[in-house]
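The chains referred to below are lettered A, B, ... by the order of the sequence lines, with proteins before strands, and numbering in each begins at 1.
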Amino acid sequence: MMKVRTRFAPSPTGYLHVGGIRTALFAWLVAQQANGAFILRIEDTDQSREVKGADEHIMKSLKGLGLVYDEGPDIGGPFAPYRQSERLESYKKWAQKLIDTGRAYADPYTPAEVQAFRDQAQKEKRPFLYRDHRPENPPVWDGMKPLRFKSAPKPYAWHDEVMGDLKTGPEVIDDFILIKSDGFPTYNFAHIIDDTEMEVSHIIRGQEFLASIPNYLNLYEALGLTPPTMATMPHILGPDGKKKLSKRDGAKDVLDYIRDGYLPEALVNFIASLGWNDGTEQEIFTAKELITKFSLSRVQKSGARFDEHRLEWMNGAHIRLLSLAELSDRIKTFWPAEADDYDDQYKHKVLALVQERLKFFKELPELTTFFFKDLPVNPELISNHKQLKKLSTDDLKTLLNAAKLELSDSDFTRDDLTTRLNGLLGLTHTKPPVLFSLIRIATTQAPASPGLAETLAVLGKDRSIARIDQTLASL
RNA sequence: GGCCCCGUCGUCUAGUGGUCCAGGACGUCAGGUUCUCAUCCUGAAGAUCGCGGGUUCGACUCCCGCCGGGGUCACCA
């Protein structure tokens with residue numbers, strides 16, 4: 001059996017969004033599980049659309065998500081080069097073969113003439129077929145005109161790993177351009193040559209190519225080649241659920257998710273689950289599990305809508321799967337500036353308290369600043385509190401003074417704090433919603449925080465008492 | 001318009017003729033976890049399985065038609 005070799009072949013026209021990276025993910029998964037190779041090939045045959053630096057950005061995105069490729073433009077490989085613009089000789093060679101066998105010819109028309117044919121077809125509400133205008137005696141190809149494939153229309157039936165058994169009639173086969181007048185090949189031609197030369201076993205690509213596959217099949221035949229396994233992915237839909245996810249409609253760069261503190265494994269899990277599941281009720285998968293359990297045949301044929309809510313939930317779930325040490329290591333760059341003055345031990349304690357609260361790392365500062373910095377007293381936290389606003393200033397002071405007194409005797413271990421806090425409840429004849437809220441607000445000045453006892457334990461005695469004094473002074 | 005693909009709770013989905021008056025997850029709502037936020041747990045609402053015909057003792061599952069959505073018909077990929 002042929003070795004499994006899959007490829008991701010983007011054109012360098014911009015960043016990668018979730019929809020784009022999914023084909024890469026599935027190709028990577030297929031290669032990983034078969035112990036095969038995953039290849040990155042840059043399809044830069046359209047100079048006009050090329051965006052400078054986009055190839056670097058794509059490579060960074062792939063690596064950022066852990067989709068490490070075995071062969072590619074920056075690392076080379078047995079079938080280098082991996083940039084189509086550097087493989088022009090190959091295309092020329094194969095094109096010559098086609099010319100020699102009478103299966104390719106020079107297109108004598110000007111673009112305007114072809115456009116006129118096209119307009120005519122559209123006016124008559126029928127599909128445009130170039131071969132209806134195929135010249136009888138085409139000129140010799142001088143490299144200045146487009147080179148067209150001389151198709152041999154016939155029906156096709158083939159199997160697609162995702163879409164199942166497909167078939168089309170001869171009417172969809174046409175003479176498409178192999179080599180453009182600028183000397184560069186079209187995608188339609190180049191990818192077939194490259195996949196052949198690079199011994200690609202599975203072509204995993206988006207749905208926009210589905211209609212062209214019969215044409216590719218016809219070309220493979222003319223070339224005397226056996227086509228690789230085909231797998232066509234449905235599109236990921238934008239929030240409106242209609243159009244495919246696109247940059248124009250605000251699809252985010254996957255690297256932006258990484259920058260916001262989304263975990264690569266969560267992103268990968270989420271993207272895979274958009275249109276794929278293993279048939280069980282499992283939702284959270286590690287990359288390893290994905291590799292063993294993934295299968296193209298279980299990929300949904302219909303498009304799936306991108307749902308940020310679900311991504312957030314899934315990212316939180318993956319964050320909670322991390323050990324504290326791992327989390328600490330990965331979240332390093334997200335601490336608020338004030339945290340610089342604190343040692344790792346202290347940050348660890350803080351992290352332990354917020355781990356179950358984080359949806360993505362970028363939220364870290366707003367969840368933790370009060371652990372590192374005294375926030376100004378915010379009277380609204382009390383005046384807007386449904387229980388506390390009913391109390392008089394004197395009551396508030398009495399409560400806070402009692403708390404201060406009791407806390408002064410504590411060793412500030414979590415257990416001792418819990419005991420004392422509970423004792424205070426009886427002493428002051430108040431309920432938790434009143435007493436604990438007040439102390440929590442006084443010591444954090446934050447709208448939300450982890451549990452009182454554990455928060456105080458991390459804050460420590462001096463700081464806690466000082467903050468109570470500060471609040472007292474403001475009343 | 002031709003051709004092709006798709007159509008189950010708001011969303012992601014399970015479901016390959018009977019165990020489905022349709023299961024799980026996200027989201028939403030309610031309750032519990034001595035305080036807030038979150039986690040976790042419990043519960044609730046939420047899908048006449050796009051519509052209409054068949055086939056069958058029986059259809060979400062098979063067939064036909066229709067409707068709706070998408071893709072494609074480039075010297076873009």
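Backbone-only contact: A:T45 has heavy atoms under 4.0 Å from sugar-phosphate atoms and none from a base. Residue contacts shown for A:T418 include a base, since a base heavy atom lies under 4.0 Å away. Nucleic acid contact for A:R205: none, since no nucleic acid atom lies under 4.0 Å from a heavy atom of the residue. Among the heavy atoms of the strands lying under 4.0 Å from A:E356 is at least one base atom, whether or not backbone atoms are also near. A:L274 comes within 4.0 angstrom of sugar-phosphate atoms only, judged by non-hydrogen atoms across all strands, and of no base.
Here B:C29 sits opposite B:G43 as a Watson-Crick or G-U wobble pair (both hydrogen-bonding atom distances under 3.5 Å). Pair assignment for B:C75 gives none, since no Watson-Crick or G-U wobble pairing has each distance under 3.5 Å. Here B:C67 sits opposite B:G7 as a Watson-Crick or G-U wobble pair (both hydrogen-bonding atom distances under 3.5 Å).
Residue A:Q300 has no polar side-chain atom (N or O) positioned under 4.0 Å from OP1 or OP2 of B:G7. Using a 4.0 Å cut-off, no side-chain N or O of A:K386 falls inside it from OP1 or OP2 of B:U36.
Rounded to an integer number of Å, the gap from A:L321 CG to B:C40 P is 11 Å. Residue A:L381 contributes atom CG, which lies 18 Å from atom P of B:C35 at whole-angstrom precision. The nearest whole Å value for the distance from the CG atom in A:L438 to the C1' atom in B:U34 is 16 Å.
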